[in-house]
Each structure stands twice: as structure tokens, then as C-alpha cells.
Chemist: 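My questions all concern the structure below.
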Amino acid sequence: MADEVVLLDYWASPYGMRVRIALAEKGIQYDSREEDYLTNKSSLLLQMNPSNPVHKKIPVLIHNGKQVSESLVALEYIDEIWNDKAPLLPSDPYLRAL
Ligand SMILES: N[C@@H](CCC(=O)N[C@@H](CS)C(=O)NCC(=O)O)C(=O)O
């Protein structure tokens, strides 16, 4: 079964851009949903962001129904899930930490 990937995003968000670049590097097809994140958060954004309960920020990556918030965490997740091409982060833990 093909992966279902949705990104709750806003075009000008540098955090969203980080996730968009990661998905592009990996060649992942995804459904991008533009959010009015300041004044009118969608019900999907409110529902899919339990790990950021106060601000419900974008971006949120939704992979086969499971949410990942925080762009750096999403980056690490993308790198681990689609690990067959285009490594994004160094494999050495210290270099990764830097
Ligand atoms: N640390 C977060 C920052 C994300 C962030 O600040 N997103 C902003 C848009 S660029 C947001 O959704 N703000 C909504 C709010 O604060 O209510 C990340 O890296 O994903």
C-alpha cells in the first residue's frame, strides 16, 4: 500500500520549508494543505497536533494518519522512514548533534 503523506503548512513558513525540502530530497509525493495558522486553524490542525497543545503550530507532517510536529523532528522522521536515498543528516551522532 502506498504511503499517505499530508503536510499542514503555510507557504512562507521557514519551518514548513524545512520539511518541504526534506520531502523533495527524498522524492516523496504528498498532499500539501495550506493553513491559515494565525486566525483560522483547521480542525485537522487542531486535532493533529497533540504534542504542541498550546499553539498548534504548523508544519505538521501526517504519515499514514500519524502526526509528527516540530520541523526538526519531522526532518529526522523523514530521514529514518525513507532511508533508501538522499540522507539528510550525518550518521555520526556527534556530527548530527552539531
Ligand atoms: N519550532 C517549530 C516552530 C513552528 C512555528 O513557529 N510555526 C508558526 C508558523 S511559521 C506557527 O504555526 N505559529 C502559530 C502560532 O504560534 O499560533 C517548528 O520548528 O516546527
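Order of appearance sets the numbers: ligands from 1, and atoms from 1 within every ligand.
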Chemist: Give the atoms of ligand 1, by number and element, whose distance to some non-hydrogen atom of Pro59 is under 4.0 Å.
Modeler: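 Answer, ordered by atom number: 20 (O).
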Chemist: Quick one: which residue pairs count as a side chain to side chain donor-acceptor pair (under 3.5 Å) with a foot in residues 7-21, not counting sequence neighbours?
Modeler: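 Output for this query lists Asp9-Arg20, Arg18-Ser71.
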Chemist: Hey, is ligand 1 close enough to Glu70 that some N/O pair sits below 3.5 Å?
Modeler: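 Indeed, backbone or side chain, Glu70 has an N or O that close.
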Chemist: Treating Ile, Leu, Val, Met, Phe, Trp and Tyr as nodes and any side-chain heavy-atom pair under 4.5 angstrom as an edge, say whether Val68 and Met17 lie in one connected cluster.
Modeler: no
Chemist: Less than 3.5 Å between some nitrogen or oxygen of Lys56 and one of ligand 1, yes or no?
Modeler: no
Chemist: Closer than 3.5 angstrom, by distance alone: can the side chain of Asp92 be matched with the main-chain N or O of Tyr94 as a donor-acceptor pair?
Modeler: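 Yes; at least one donor-acceptor contact below 3.5 Å.
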Chemist: Determine, considering heavy atoms only, which of Tyr37, Tyr15, Tyr10 sits nearest to atom 13 (N) of ligand 1.
Modeler: Tyr37
Chemist: Could you tell me whether Asp79 and Lys26 have a side-chain N and a carboxylate O separated by less than 4.0 Å?
Modeler: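 Yes, this pair counts.
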Chemist: Run the numbers for me: atoms of ligand 1, each under 4.0 Å from some heavy atom of Lys41, listed by number.
Modeler: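 In order of number, 14 (C), 15 (C), 17 (O).
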Chemist: Report, in ascending order of atom number, the atoms of ligand 1 lying under 4.0 Å from any heavy atom of Ser13.
Modeler: 10 (S)
Chemist: Please check if Ile21 and Ile78 belong to a single hydrophobic cluster, counting links between Ile, Leu, Val, Met, Phe, Trp and Tyr side chain heavy atoms closer than 4.5 Å.
Modeler: no
